[in-house]
Every structure is written in C-alpha cells, then in structure tokens.
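Reviewing the structure listed below.
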Amino acid sequence: MIRSVLALLDIRPAYTRLMAERHDFHRYDLLDDKQAFLDEMGTQIRAVVTSARFGVPADLLAQLPNLEVITSFGVGHDVFDLKALRDRGIRVSTTPDILTDDVADTAIMLMHATMRRLIAGDNWVRSGMWAANGPMALTRTVRGKKLGIVGLGRIGQAIASRAVPSGLEVGYFGRSKKDVDYRFFDQLGSLAEWSDILVLACPGGAATNGIVDQLVLDALGEDGVIINIARGSVIDEPALIGALQRRSIAGAGLDVFEGEPNIDPAFSKLDNVVLYPHLASGTVETRDAMAQLVVDNLNAWDERGELITPII
Ligand code: NAP
C-alpha cells in the first residue's frame, strides 16, 4: 500500500473522496501550516496528486525524499522538470487521449467563433445595434481555407479529422513527418505563409517557447487567423497583441495565455479576438474521466507498482 498521498488540489470532489477513502490522504492546498506538515510527514509521502497547471514546485519536491510517483490531472507536462524527476527515479502519469476530443472540438469552436465573429455578433444583437444600425458586417467562411496545424499529435490529428469534412485543406509542422495525407512543412514560417488559419496544438516548454513570433505572424498575414489551445508560452504575446491591434493579422481565438488567469489586459480591448478561460478539456464528462484516470493510476501503482499512462 502507498503509505501516504499528498494532493495539491481537488481534482473533482467525488474522485478526491475515493482517494481519501483508500489511502492515507492529505490535501496540501488546505493545510494552514504547510511547513509543519512537511517536517512531520515529508518522509512518508510516496505519491503526489497534481495537475498540468500546478506541477510540483521544486522546493516541495526537495522535501519529499521518498516520493515514488506523481499522478497528474491533464496532459501537458511542460510544468514538470522531467530530467530532474527521472534522475530521482520518480515516475509520472498524465491523462492523455480522454481529453483529445473536447480539446479538438474547442479548437474548431474557436476557429468558427473567430472567423464568423460570434462574440461581435452576440454583442450586435444584445446591444441593440442590430435594430439601430441594421445588419452586422459580413464575416469570412472556413470552407476552402487552408488550416495549418503546429503539432500533429493526438489533439492535432483530431482537429485535422474535424476540419477536412468542413472543407478545409490541412497542412502541418512538427518535429517529424507523419504517415498521413496532409501536407508537411519542415519550417513553421512556411506553414504560416501557406495557412489561412494557424492552430497551435504542440506542447509548451522550452522547445516551443515563443516559436510563434513576429516573423510567423507576418507570414500568416492580414487575412490570417491564429487559434491557440496549446500553451500561452508558444506565442510571443506582445507580438500577437501588436499584430491584432494593427490588424496585421485578422483575428485570434485563444484558450491559453501567458500568466493565466491574469491575462494581459490589452486582450480585453480587442474586438478581433475570442477569449476562452483554458477550458478546452473543461466538460463534466471529460473532467470526470480525467479524474478517474488519476485515481486508476494511483491504484495501479499501489497494487502493482505500475502506471497506466506513464510519461516517465
Ligand atoms: P501529443 O500527442 O504528444 O502531441 C504533441 C505534438 O506536438 C506531437 O505531434 C509532437 O511531435 C509535436 N511537437 C512536440 N514538440 C514540438 C516542437 N518543438 N515543435 C513542433 N511540434 C512539436 O500531445 P496532445 O495530447 O496532442 O497534446 C498536445 C498539447 O496540447 C499538450 O502538450 C498541451 O500543452 C496542450 N493541451 C491543452 C489543453 C487545454 O486545455 N487547452 C488540453 C490538453 C492539452 P512528435 O509527434 O514528433 O513528437
């Protein structure tokens, strides 16, 4: 049996209860005196439950000398120092696949909302401008447009499979060419130049930090639209905000931001951007499935010393 489990958040109340019933379970986020707890219990903790947002801070990790396993809620792992964890022999699981469809649906939703100016249209109706001024300006169709996907992994492929029946042509950029019919670009700049709509579906972290920079935005051009369901860090945000303000790109649909939830206030003043609060996987059904997989990973480690969905 895992002696003690430390959870850094409530993944979902019913699933947190399941873990509390089975293990010696502690909620770190609810502790008044965290240091006193660590002084007394730090050596007992064998498993940490966390999320792709919180990770495990280095100063906390240093005080858990017997940690064996981290089960994370979410699929991104840019928040973890995998090399340091590997060096300590700590295993990590995430919750892949089960969120792919909802995240891909969100990318498509943001694409339509941006191209068809859903938020501006909603405001046109609510504010009475429709009655006062007549029809809103026309929008742009997605049909026949070129969709460039950065990172053709699980989510990228699910976005592509939704886009093709909607009449979009798909191209992609990534670390490797895949065995697919979509056109491969070995440079992000060339993909951006080809694309009408650029969707980011790659991991965050050092390798992708700011890869969508001024040059990429310039290559996308004034009719171009950018959709980001990856990580805020993938885009040079000041460059994006400048491009949206100057209208040197047409628009953006964003689920993720630098410094979220405290996003750059300049975004709120733009009418050519659709903002979504990092909720791409945020349906009850998917979040329950993710929470169940966190519990299952913990139990698999407890029973067999194995993880179901390990990344290391
Ligand atoms: P995945 O299956 O691992 O796919 C990631 C893809 O990105 C792979 O095709 C990979 O290429 C490619 N890639 C890796 N490094 C790259 C780089 N430096 N430049 C360009 N492409 C690169 O992961 P996934 O499940 O599709 O998830 C992708 C990302 O979506 C996650 O890492 C996370 O950041 C984000 N995400 C966001 C939400 C949200 O709520 N908004 C939810 C879930 C996930 P290879 O195939 O060559 O390895």
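Numbering of ligands and ligand atoms starts at 1, following listing order. The analysis underlying the following values was restricted to heavy atoms, covering all of them including side chains, and did not include hydrogens, waters or symmetry mates. Worth saying up front: this structure is predicted, and the values here are computed from it rather than measured.
- Distances from ligand 1 to the non-hydrogen atoms of K178 include at least one value under 4.0 Å.
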- request: Start with the C-alpha gap between F185 and Y172, add the side-chain angles, then the distance that decides, and say whether ring pair (Phe, Tyr, Trp, His ring centres under 6.0 Å) holds.
  value: CA-CA 6 Å; F185 292 81; Y172 69 101; 8.3 Å; no

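- Relative to atom 47 (O) of ligand 1, the option among G232, A206, S176 with the closest non-hydrogen atom is S176.
- Side-chain atoms of D102 and S281 include no donor-acceptor pair closer than 3.5 Å.
- V225 and L254 are not part of a single hydrophobic cluster, where members link through side-chain heavy atoms under 4.5 Å apart.
- Against a heavy-atom cut-off of under 4.0 Å, D255 is close to the following atoms of ligand 1: 39 (C), 40 (O), 41 (N).
- Counting heavy atoms under 4.0 Å from ligand 1, residue P96 does not touch it at all.
- If you check which protein heavy atom lies closest to atom 12 (C) of ligand 1, you get G151 CA, 3.8 Å.
- Checking only distances, D78 never comes within under 3.5 Å of ligand 1, N or O to N or O.
- The closest protein non-hydrogen atom to atom 43 (C) of ligand 1 is V75 CG1, 3.3 Å.
- Between the side chains of R116 and T139, at least one donor-acceptor pair of N or O atoms lies under 3.5 Å.
- When only interatomic distances are considered, the shortest N/O to N/O separation between T100 and ligand 1 does not fall below 3.5 Å.
- Interface atoms of ligand 1 facing H278, defined by a heavy-atom separation under 4.0 Å, are 39 (C), 40 (O), 41 (N).
- Between F73 and T50 the shortest side-chain heavy-atom distance does not fall below 4.5 Å.
- Near V103, the atoms of ligand 1 lying under 4.0 angstrom from a non-hydrogen atom of the residue are 42 (C), 43 (C).
- E68 and W301 share a donor-acceptor pair across their side chains, judged by distance under 3.5 Å alone.
- Every atom of ligand 1 with a heavy atom of G174 under 4.0 Å away is listed here by number and element: 20 (C), 21 (N).
- For the 3.5 Å distance criterion, the side chains of S248 and D218 fail to qualify, holding no donor opposite an acceptor.
- In terms of protein heavy atoms, atom 3 (O) of ligand 1 is closest to R154 NH2, 3.6 Å.
- Residue contacts with ligand 1 for I155 involve both N, CA, C or O and side-chain atoms from C-beta outward (heavy atoms, distance under 4.0 Å).
- If you check each of A230, C202, G76 against atom 29 (C) of ligand 1, the one with the closest non-hydrogen atom is C202.
- A cation-pi contact links K34 to Y28, judged by a cut-off of 6.0 Å to the six-membered ring centre and 45° from its axis.
- Taking CD1 from I90 and CG from L67, the interatomic distance works out to 4.5 Å, rounded to the nearest 0.5 Å.
- Within the 4.5 Å cutoff, side-chain heavy atoms of L293 are placed close to those of I98.
- By the neighbour-count criterion of 12 heavy atoms within 6.0 Å, atom CZ of R304 is densely surrounded, having more than that number from other residues, nucleotides or ligands.
- In terms of N/O distances under 3.5 Å, ligand 1 is approached by G153.
- Atoms of ligand 1 lying under 4.0 Å from any heavy atom of A280, numbered from 1 in the order shown and given with element: 39 (C), 40 (O), 41 (N).
- With a heavy-atom cut-off of 4.0 Å, P203 touches ligand 1 through backbone and side chain alike.
- In terms of protein heavy-atom proximity, atom 18 (N) of ligand 1 is nearest to T208 CG2, 3.4 Å.
- Counting the atoms of ligand 1 from 1 in the order shown, those under 4.0 Å from a heavy atom of I229 are 35 (C), 36 (N), 37 (C), 38 (C), 39 (C), 41 (N).
- With a heavy-atom cut-off of 4.0 Å, R231 touches ligand 1 through its side chain alone.
- M41 contributes atom CE, which lies 8.5 Å from atom CG of L6 (distance to the nearest 0.5 angstrom).
- In this structure, L240 and V212 have side chains that are not in contact, with every pair of non-hydrogen atoms separated by 4.5 Å or more.
- Protein heavy atom at the shortest distance from atom 28 (C) of ligand 1 is A201 O, 3.4 Å.
- Nearest residue to atom 16 (C) of ligand 1 from Q157, R175, H77 is R175 (criterion: closest heavy atom).
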